Amino acid sequence: MFGFEPHLEFARNLDQKDVLGHYRNAFHIPTDISGNEWLYFTGNSLGLQPKTTKAAINQELNDWANLGVEGHLEAKNPWMPYHEFLTESMAKIVGAKPIEIVVMNTLTVNLHFLMASFYSPTEKRYKILIESDAFPSDRYAVQSQLEFHGYNPETCLSEWTPRTGETLLHMKDLETILDEQGEEIALILIGGVNYYTGQSFDLKQIAEMGHAKGCKVGIDLAHGAGNIQPDLHKSGVDFAAWCTYKYLNAGPGSLGAVFVHERYAHDRNLKRFTGWWSQNKNTRFDMRKPLDLMPGAEGWQLSNPPILSMAAIKASLDLFNEVGMDALRQKSIQLTSYLEYHINNLNNPNVEIISPKDPMQRGCQLSIRIKNTDKILHEKLTKNNVISDWREPGVIRFAPVPFYNSFEDVFRMITILKTLLK
Ligand SMILES: *Cc1c(COP(=O)(O)O)cnc(C)c1O
């Protein structure tokens with residue numbers, strides 16, 4: 001489709017023509033002790049630091065030093081409404097309306113708070129459906145929700161599994177599960193982009209299929225936010241949650257974000273756990289008023305949030321706002337296809353891409369299964385400045401990130417991989 005060629009000049013030429021190429025300079029690229037830049041392919045695990053992050057955090061440290069508690073109202077970016085500064089950019093990234101978005105807590109915590117609202121088992125409808133390769137934290141979270149409500153995960157956790165001998169999931173099989181168990185399933189919770197295979201799903205289709213059977217539908221977008229364009233509002237899913245330290249480059253352990261569909265914005269009957277930040281901001285500080293819920297996703301907040309972490313998120317979202325997901329996704333498709341081209345060109349029967357071939361069914365990550373090798377290959381890659389990640393058994397995940405990875409990064413990584421595979 002792209003007419004790639006295998007030599008270094010071609011990669012450099014692509015970089016020269018890349019309208020986003022200069023954004024690499026907006027990030028700190030880690031180096032080895034001699035100052036050689038790492039070939040960093042783990043933005044799916046921890047995104048790199050924007051150069052603007054430090055100043056953004058320092059701003060809040062200085063305002064705290066100079067203003068103390070007055071910073072809540074008097075800081076350059078007042079802390080009291082600070083989370084509101086993030087909402088619009090975050091909404092754009094995932095295709096949501098601002099009222100559907102709030103940045104708060106961390107991902108697994110948010111999954112629990114959202115399940116408090118969207119997993120309400122009844123005698124007839126009590127199961128949770130996940131994909132069999134769900135991220136462990138999500139699996140533990142839903143298992144504990146089932147147990148919390150008195151259900152046995154052994155029998156009440158349903159799994160959407162790949163067919164025998166396959167790795168990817170088929171929509172058709174989800175349909176079959178829903179035909180068979182749909183009436184018993186209370187909640188479908190799926191990773192919008194699977195962390196292991198990189199497979200991305202048609203969220204609208206999942207929402208429609210789930211809703212047709214009366215199930216609630218939630219999406220974990222940890223590997224989707226800032227990577228694909230999930231169009232959350234239009235997809236119609238009930239809720240979604242994600243973190244900001246992967247493709248959103250907001251720093252280790254940074255806060256998560258949630259989406260709650262607009263149809264619940266004024267629904268006061270949904271059960272939820274609340275705190276003073278759930279309270280209507282106009283009367284929040286009267287302190288003695290009965291709870292008057294904030295409309296929209298903000299009504300799921302409990303606590304006043306950590307501003308230092310939010311400052312890092314703001315610095316990163318400002319960059320996303322400047323570039324826009326359309327441009328990032330466009331480059332991403334080309335960059336990942338370029339990686340795919342080179343992997344296929346290895347012509348090595350031991351090397352197999354397990355991620356979908358169709359760019360519309362994946363984000364930037366390619367998961368590569370390498371036979372007849374072990375973790376030593378990964379260690380050697382690391383010694384050669386290639387930062388990737390290894391998942392047992394024998395899968396290396398490479399995530400070329402359009403914001404800061406170059407075509408030359410991919411070319412140089414492949415050259416090293418080729419040598420190591422010999
Ligand atoms: C990264 C990731 C997590 C991590 O959860 P935290 O609560 O942020 O530690 C959970 N689920 C998925 C699918 C992930 O990719």
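All figures in this text were calculated on a predicted structure; none of them were measured in a lab. Each ligand, and each atom within it, is numbered from 1 in the order the structure gives.
Residue-level proximity to ligand 1 for Thr108 is carried by backbone and side chain together, each with a heavy atom below 4.0 angstrom. Contact annotation: for Asp138 versus ligand 1, heavy atoms closer than 4.0 Å belong to the side chain alone.
Not one N or O of Thr106 is nearer than 3.5 Å to an N or O of ligand 1, by distance alone. The shortest N/O to N/O separation between Asp220 and ligand 1 falls below 3.5 Å. Checking only distances, Tyr245 does come within under 3.5 Å of ligand 1, N or O to N or O.
Counting only heavy atoms from C-beta outward, the side chains of Trp300 and Arg272 approach each other to under 4.5 Å.
Seen from the ring of Trp277, Arg284 counts as a face-on cation partner, given the 6.0 Å and 45° thresholds. Remark: Lys246 is positioned above the aromatic ring of Phe135, its terminal NZ or CZ atom under 6.0 angstrom from the ring centre and at most 45 degrees off the axis.
Numbered from 1 in the order shown, with element, the atoms of ligand 1 that lie under 4.0 Å from a heavy atom of His223 read 15 (O). Short contacts between ligand 1 and Lys246, defined as distances under 4.0 Å to a heavy atom of the residue, involve ligand atoms 1 (C), 2 (C), 3 (C), 14 (C), 15 (O). Heavy-atom contacts of Phe135 reach the following atoms of ligand 1: 1 (C), 2 (C), 3 (C), 4 (C), 10 (C), 11 (N), 12 (C), 13 (C), 14 (C), 15 (O) (cutoff under 4.0 Å).
Using bins of under 30°, 30° to 60° and over 60° for the plane-to-plane angle, the ring pair Tyr341/Tyr338 lands in the parallel bin.
A donor-acceptor pair is defined here as one N or O able to donate and one able to accept, closer than 3.5 Å; such a pair exists between the side chain of Ser254 and the backbone of Ala250.
Ion pairing of Asp326 with Lys331 is absent here, as no side-chain N (NZ or NE/NH1/NH2) approaches a carboxylate O to less than 4.0 Å.
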